[in-house]
Protein chains: 2
Amino acid sequence: MNLNLEDIARLAGVSRSTVSRVINHHPNVSPATREKVWQVIQEQKFHPNQIARMLATQRTQILGIVVSQTAAVFFDDPSAYFPTLIQGIAEVANQQNYSTLLWLGGSGEGENHESFHRQISHNHLADGLVLLSASASHPLIARLVDTPALFVTIERPRHFAERVSYVTIDNVQAARTAVEHLIQLGRRKIAIITGPLLNTDSHDRVIGYQQAMEAAGLAVDPRWIVYGEFNTDTGQRAMKSLLPLGLDAVFAASDQIALGVLQTLREAGVCVPQDMAVVGFDDLPAATATTPQLTTIHHPIREKGAYATRLLLGLIEGSVPEPQQVLLPTHLVIRQSCGALNAQDMANLHG
Amino acid sequence: MNLNLEDIARLAGVSRSTVSRVINHHPNVSPATREKVWQVIQEQKFHPNQIARMLATQRTQILGIVVSQTAAVFFDDPSAYFPTLIQGIAEVANQQNYSTLLWLGGSGEGENHESFHRQISHNHLADGLVLLSASASHPLIARLVDTPALFVTIERPRHFAERVSYVTIDNVQAARTAVEHLIQLGRRKIAIITGPLLNTDSHDRVIGYQQAMEAAGLAVDPRWIVYGEFNTDTGQRAMKSLLPLGLDAVFAASDQIALGVLQTLREAGVCVPQDMAVVGFDDLPAATATTPQLTTIHHPIREKGAYATRLLLGLIEGSVPEPQQVLLPTHLVIRQSCGALNAQDMANLHG
DNA sequence: ATAAATGTTGGGAGCGCTCCCAAGCCCTGC
DNA sequence: GCAGGGCTTGGGAGCGCTCCCAACATTTAT
């Protein structure tokens, strides 16, 4: 049904090879021939078969995006963290003429997870892989790290961190900045509510918290450090458990958590920021919709995806050596929930 | 570097064809040979080259997911509408041994849009396509409809509706149900705030609204019908403009819109549902987080994606004829914002 | 003018698989 | 005992492209 190179060649009165050269913009084709061939190609609306090209070149121009996680964690999440990441990836990929293969799965259970990862690593469709969650993709990383497969993870992996390429933010520094800000404002009894223990983002934010506290000579009650999930529910639950401890500030390691914290504090009649300062992490759109608006750490989610993709492309082209590890900058966005803006500032804001 | 069929054949002392037969579970291989070949395959961790297989079979086992829309509309949207759809698609696809190619793009501008769609329709990588937004994909539909390419859209397309396969919900009926519910509760002056005029979902919900009003013998002031976007901002803006009209109910054609409506009403000191009943559409998780909780139309977003994929697979296998058009069921979820639950019910809820 | 360098073109081989056909095998039935 | 049928097996011919090499044409340098 479809035409092939040979057909075009016949119609243009040249050889298959010449048509191939024209299509691939090889230099050594005379202008006249080039012109003639292009004309036939246009006329026939010819498009070379990608698959055949892949087979011949051993390159697919496809990037795999791996979201190995329970569906709920990713998509019912209003933060749109993963979708935003994917957007950053797809943008760069499409722009560089790569297609993106989306792998969603690994819904928890061991066997499923296993076969999901096997499917990805054996189906050699992609020239490279972006793993959106290093911690959840651990088994995949373990099986890829000793193969020639090219991949980069978002988030620093727990294992093989020295051998794999990743893009992340300096979570330690970012968390430290957030907590130092609270300390500067006179807060002393500061708790942290964070995500899963095994998640390196989660883990590093605790380190940053501890460093800030220690540097300020503030003792940390172990009960002040609460691990959970990066969601609203954890925020509510954790805050309820923290309520009796007489704190004056909470650092929520995600805005989702902060949302839950704020809600619980409101229900408990605790005034934010007067009685309790709150700082979040992520700078989601939702952070400006709360009352009071959330002070939070901004980090470039979409850019993480984009950067990881550029990096991966570099690895594929061979223009950069493995492994590459990059930390993207973050900054503190001061709004109302930390109490840094005094009454007058707030009046100005609303004026 | 990698082994191929021939290598395995040599190691197993058989021919390429026999190995191929074993891998593809063809019946006519003697048990002994089959066993021997499997053993070599396991030993060598052999995995057949997908690309070569694609070239030979002219089938890719890949489904394309097309999200032709501005990024912001899709991912900054807390409703996770598109991610949820994608999840439904990927689930079915992976389960049937299909991979999914994700096409995100068409960021508004004509030229971009054009080249985005060209890229999709010429790159014959997918056995079939799922178009996530019929209205936004119009140019793509127009170019695909006269080709042998297989595709199904979510949402009924504005043009070629009789010729394309799609999966959607009965928006007319759903909207009608919502509005009839308000009428039953004694509301008379009911407005509708909906999405883009060119979106068929949007359009049909208005039809449903009009049918319900007409059936009840209620005249509709043209100012009561407001078109906008499916977002919070539209809800706020539209509600502000509706405030002076002395309404007693608003049907928001998406929960996002309803969120904006609720916010504006709160700021204006209008009590919901006493002074103004509000019904939404979508049944997002956020609908239960509002005060009062939102009465809304539930529709199966994820199932839409899953159904569309099963349908597409059917078209690919040739087991169903084109075109197929299906309407999935919806239902009204009664919560507090419509005023159907009286004080006692509410007490029970909180007890 | 002529050898050498350069530019242009065509064809063969190969990427790794599937599918078809023919050949060889064994078994059954007359 | 031998023809005819069904299993099992191997090899050839693609799928449509790229890439290399050799052949030929055209310049350029001497």
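Below, read A as the first sequence line, B as the second, and so on, with proteins coming before strands; counting in each chain starts at 1.
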Participant: Phosphate oxygens OP1/OP2 of D:dG16: is one of them under 4.0 Å from a side-chain N or O of A:Asn2?
Facilitator: no
Participant: B:Leu5 has a side chain; which of C:dC17, C:dT9, D:dC17 sits nearest to it?
Facilitator: C:dC17
Participant: Of the nucleotides C:dG10, D:dT18, D:dT8, which has the atom closest to the A:Val14 side chain?
Facilitator: C:dG10
Participant: Taking all non-hydrogen atoms of both residues, which atom of B:Leu198 and which atom of B:Ser135 are closest, and how far apart?
Facilitator: O-CB, 3.9 Å
Participant: Classify the nucleic acid contact of B:Asn49 as base, sugar-phosphate or nothing, counting any heavy atom under 4.0 Å across all strands shown.
Facilitator: sugar-phosphate
Participant: Using only heavy-atom distances, decide whether a donor-acceptor pair under 3.5 angstrom links the side-chain of A:Arg16 to the base of D:dT18.
Facilitator: yes
Participant: Run through A:Val14, A:Leu11, A:Val19 and flag the one making a side chain to side chain contact (heavy atoms under 4.5 Å, CB included) with A:Val40.
Facilitator: A:Leu11
Participant: Using 4.0 Å as the upper bound for N to carboxylate O, is an ion pair formed by B:Glu317 and B:Arg59?
Facilitator: yes
Participant: Separation of B:Asn24 atom CG from C:dG16 atom C1', in whole Å?
Facilitator: 13 Å
Participant: Please test B:Glu303 against B:Arg310 for salt bridge (Lys or Arg N to Asp or Glu O under 4.0 Å), starting from the C-alpha separation and ending with a verdict.
Facilitator: CA-CA 10 Å; B:Glu303 177 59 17; B:Arg310 279 186 235 111; 3.4 Å; yes
Participant: Base, sugar-phosphate alone, or nothing: which one does B:Ser17 contact when heavy atoms must sit under 4.0 Å apart?
Facilitator: base
Participant: Got a salt bridge between A:Glu322 and A:Arg163, using NZ or NE/NH1/NH2 to carboxylate O under 4.0 Å?
Facilitator: no
Participant: Students often get this wrong, so: under 4.0 angstrom with heavy atoms, is B:Thr57 touching a base, only sugar-phosphate, or nothing?
Facilitator: sugar-phosphate
Participant: If you look at every strand shown and take non-hydrogen atoms under 4.0 Å, does B:Glu6 touch a base, only sugar-phosphate, or nothing?
Facilitator: nothing
Participant: Check the phosphate of D:dT9 against B:Thr18, side-chain N and O only, distance under 4.0 Å to OP1 or OP2. Yes or no?
Facilitator: no
Participant: From D:dC19, C:dG16, C:dT18, pick the nucleotide closest to the side chain of A:Leu55?
Facilitator: C:dG16
Participant: For the residue pair B:Leu131 and B:Tyr166, establish whether any side-chain heavy-atom pair is separated by less than 4.5 Å.
Facilitator: no
Participant: Determine, using ring centers only, whether B:His124 and A:His47 are less than 6.0 Å apart.
Facilitator: no
Participant: Have a look at the helix from C:dA1-D:dT30 to C:dC30-D:dG1 and give the angle its two end axes make, five pairs each, rounded to 10 degrees.
Facilitator: 50°
Participant: Using only side-chain N and O atoms of A:Gln58, determine if any of them is under 4.0 Å from OP1 or OP2 of C:dG16.
Facilitator: yes
Participant: Which part of the nucleic acid, if any, lies within reach of B:Asn28 when heavy atoms closer than 4.0 Å are counted: base, sugar-phosphate only, or nothing?
Facilitator: base
Participant: Roughly how many Å is it from CG in A:Leu3 to P in D:dC15, rounded to a whole number?
Facilitator: 13 Å
Participant: Taking only N and O in the side chain of A:Asn4, is any of them less than 4.0 Å away from OP1 or OP2 of D:dC15?
Facilitator: no
